[in-house]
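Chain letters run A, B, ... following the sequence lines, proteins first and then strands; every chain starts at 1. Please read these numbers as outputs of a predicted model, since none were measured by experiment.
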2 protein chains.
Amino acid sequence: MTRENKAEPGLSDKAEECGEVACLRPQRLGAGQDPAKRKQILEGARRVFMRMGFDAASVNDITREAGVSKGTIYVYFNGKEELFEALCEDYRASMFADLMADIEHGLSGRDALVKFGVSLVTLITSEPVIRAQRIVIGVADRMPEVGARFYERGPKRGKALLKEFLDEQVAAGHLDIPDTELAAHQLSELFLAGIYRQRLFAAMPEEPSAELIRKNVIAAVDLFFIAYGPRRYQNGKSEDK
Amino acid sequence: MTRENKAEPGLSDKAEECGEVACLRPQRLGAGQDPAKRKQILEGARRVFMRMGFDAASVNDITREAGVSKGTIYVYFNGKEELFEALCEDYRASMFADLMADIEHGLSGRDALVKFGVSLVTLITSEPVIRAQRIVIGVADRMPEVGARFYERGPKRGKALLKEFLDEQVAAGHLDIPDTELAAHQLSELFLAGIYRQRLFAAMPEEPSAELIRKNVIAAVDLFFIAYGPRRYQNGKSEDK
DNA sequence: CTATTCTCGAACCAATCGGTTCGATCCCTC
DNA sequence: GAGGGATCGAACCGATTGGTTCGAGAATAG
């Protein structure tokens with residue numbers, strides 16, 4: 001019934017090389033092989049999941065939102081869970097790309113950290129990303145692999161990125177950090193202090209203001225530089241006891 | 001959902017205006033007034049919700065687990081949501097009590113902080129508490145009040161407790177902190193760095209070992225003392241720009 | 001004892017769930 | 001134009017959902 005789904009008449013068919021092995025089929029794409037239709041389904045699913053969460057969303061809702069018949073969905077995906085997993089995959093990639101795109105600058109150490117922190121906090125406390133995290137956390141009991149992959153592609157890569165940066169700063173003599181991995185953990189949590197968990201639990205209904213974020217990040221960087229700043233920190237002085 | 005209006009057929013109508021003030025009913029308890037039965041229902045509901053999450057749990061499951069008929073449940077609670085909210089109320093209280101019970105000591109500053117941190121991290125990254133948090137976060141979109149109250153009674157009170165402690169330490173001259181509220185935020189997030197989010201996302205399937213927790217907490221306290229420790233920190237040197 | 005009343009347990013409700021099937025139809029390729 | 005394959009759309013499936021009703025039976029109070 002004249003949906004917009006047949007946007008691409010017939011081009012774009014061999015866009016995706018048929019997975020990773022040779023696709024022998026000479027004509028057509030084979031059932032469930034049209035990447036445009038796949039994207040269309042995923043986009044509808046994304047909207048529905050974001051609006052209603054995983055359990056409350058029904059396949060019929062997705063059908064309606066995507067403008068695709070239920071039978072077709074089940075040709076492309078083997079059920080709601082697989083659809084959700086595929087969606088997470090896409091989502092993570094784009095989320096991380098957003099962050100990467102936002103930090104390509106050659107700032108000096110302190111400013112670079114602040115800039116990175118502001119981007120990070122702004123992104124992962126934004127409404128859509130918080131909603132996505134709530135959904136993933138909510139199903140983490142039933143689908144731990146999904147949750148774990150989400151963490152690995154998201155927060156873990158963010159921390160790895162931060163560790164790289166810290167390593168560079170240490171090498172350049174701008175920082176003096178005995179354990180950059182630990183430091184990356186600490187700093188990224190400091191960035192989020194007082195914002196992230198409130199947001200997750202819906203105890204902070206609105207997105208945090210840019211001022212709040214900036215104030216938080218600067219406080220974190222200050223604390224961080226006092227501890228790990230150039231000179232002034234002798235490592236051997238570990239805990240008493 | 002949304003049909004609570006015709007709940008009472010005609011009997012038991014004066015059961016609930018007893019509320020928290022004097023219940024005038026001289027004999028019997030009135031429908032839905034037996035605290036033991038209420039407790040029994042809540043206990044069954046707790047087990048079911050913990051095992052299956054909010055959406056996946058059905059009232060029939062709770063019926064079965066609690067050993068109570070469905071009709072009775074609907075006498076005590078107006079549906080699954082209300083049952084869940086009541087459950088959260090109980091749960092928060094007991095969780096916080098656990099933490100309080102674990103920190104009544106007169107240790108010196110640094111050791112006291114470590115002890116507090118270990119108790120805190122151990123508690124809120126434990127399997128049952130993590131599961132509870134996942135469930136609450138998962139429904140935070142649909143029931144933001146529940147999530148917000150959970151946060152206020154949990155993390156927020158924990159941070160308030162920590163702030164109190166820091167205030168005492170500052171007064172005693174053991175610490176030099178310009179903003180103890182911010183510092184409490186920072187320290188409590190530092191305690192959890194590298195553990196909490198992994199656990200939430202199921203990226204760390206097992207409860208963290210006591211060694212890991214202790215190592216993390218000590219690192220946090222070290223960092224904290226370097227920044228806020230006695231002397232050696234001149235406050236006026238705030239951030240540039 | 002009788003009268004009261006709370007709970008049980010099962011039947012019942014309409015709605016919806018995820019998932020399957022199948023003929024009609026559309027579009028592409030030849 | 002003809003043939004073939006992918007998609008549509010709707011009916012259909014059994015199971016289950018949150019929620020209601022009601023009579024039988026247990027327990028208590030007078």
Side-chain angles (χ1 to χ4, degrees), chain A residues 1-14 23 25-38 40-41 44-45 48-49 52-64 66-84 142, chain B residues 1-16 18 23 25-38 40-41 44-45 48-49 52-84 142:
Chain A
M1 64 157 47
T2 77
R3 222 60 84 341
E4 77 289 32
N5 47 3
K6 32 270 292 192
E8 271 63 14
L11 33 134
S12 85
D13 25 21
K14 40 183 48 65
C23 180
R25 187 173 272 281
Q27 70 246 30
R28 296 310 201 87
L29 302 122
Q33 296 297 329
D34 184 351
K37 182 131 302 213
R38 185 187 157 92
Q40 178 186 350
I41 296 173
V48 173
F49 281 134
M52 332 225 285
F54 180 78
D55 288 282
S58 81
V59 180
N60 285 315
D61 293 329
I62 297 173
T63 277
R64 219 169 297 129
V68 142
S69 86
K70 196 155 42 154
T72 304
I73 288 186
Y74 278 88
V75 168
Y76 281 80
F77 304 95
N78 294 326
K80 195 163 71 160
E81 290 209 1
E82 188 175 309
L83 183 48
F84 182 69
R142 270 172 299 172
Chain B
M1 67 189 232
T2 73
R3 2 225 322 219
E4 74 287 35
N5 41 7
K6 43 178 54 94
E8 274 69 11
L11 37 131
S12 83
D13 24 24
K14 47 181 41 63
E16 62 252 25
C18 298
C23 182
R25 186 171 274 282
Q27 70 247 30
R28 297 311 201 82
L29 301 124
Q33 294 299 329
D34 184 351
K37 183 130 296 208
R38 186 188 158 93
Q40 178 186 352
I41 296 173
V48 173
F49 281 134
M52 332 225 287
F54 180 77
D55 288 283
S58 80
V59 180
N60 285 315
D61 294 328
I62 296 172
T63 277
R64 219 169 296 128
E65 186 78 32
V68 140
S69 85
K70 196 156 39 156
T72 304
I73 289 185
Y74 277 89
V75 168
Y76 281 80
F77 304 95
N78 294 326
K80 196 162 71 158
E81 290 209 0
E82 188 175 310
L83 183 49
F84 182 70
R142 270 171 300 171

Q) Side chain of Lys37(A): nearest nucleotide among dG18(C), dG19(D), dT7(D)? A)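 Output: dT7(D).
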Q. Choosing from dT20(D), dG9(D), dG18(C), which nucleotide comes nearest the side chain of Lys80(A)?
A. dG18(C)
Q) More 5' along DNA chain D: Ile73(A) or Lys70(A), using each one's nearest nucleotide? A) Ile73(A)
Indicate whether OP1 or OP2 belonging to [N] is found under 4.0 Å from a side-chain N or O atom of [X].
X: Tyr76(A); N: dT7(D); result: yes
X: Ser69(B); N: dG9(C); result: no
X: Thr72(A); N: dC8(D); result: yes
X: Tyr74(B); N: dT21(D); result: no

How long is the straight-line distance from [atom2] of [Y] back to [atom1] of [X], given to the nearest 0.5 Å?
X: Thr72(A); Y: Arg38(A); atom1: OG1; atom2: CZ; result: 14.5 Å
X: Glu82(A); Y: Tyr74(A); atom1: CD; atom2: OH; result: 10.5 Å
X: Phe49(A); Y: Ile62(A); atom1: CZ; atom2: CD1; result: 4.0 Å
X: Ile41(A); Y: Thr63(A); atom1: CD1; atom2: OG1; result: 8.5 Å

Q) salt bridge (charged side-chain N to carboxylate O under 4.0 Å, His left out): which pairs involve residues 52-63 of chain A, sequence neighbours left out? A)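 Pairs touching residues 52-63 of chain A that pass the test: Asp55(A)-Arg142(A), Asp61(A)-Arg64(A).
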Q | Between C1' of dG19(C) and CZ of Phe77(A), the distance in whole Å | A | 16 Å
Q) Do Lys80(A) side-chain atoms and Ala57(A) backbone N/O form a donor-acceptor pair below 3.5 Å? A)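 Checking the backbone N and O of Ala57(A) against the side chain of Lys80(A), a donor-acceptor pair under 3.5 Å is found.
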(Q) I need the residues from residues 53-68 of chain B with at least one non-hydrogen atom less than 4.0 Å from DNA chain D; give them sorted by number, or say none. (A)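 Within this stretch, Ala57(B), Ser58(B), Val59(B) sit under 4.0 Å of the strand.
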Q. For DNA chain D, what string of dots and brackets results from 5' to 3' when Watson-Crick and G-U pairs need both distances under 3.5 Å, crossing pairs get [ ], and pairs with another strand get |?
A. ||.|||||||||||||||||||||.|||||
Q. Which heavy atom of Val68(B) sits nearest a heavy atom of Ile73(B), and at what distance?
A.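 Nearest pair, atom of Val68(B) first, then Ile73(B): CG1-CG1, 3.6 Å.
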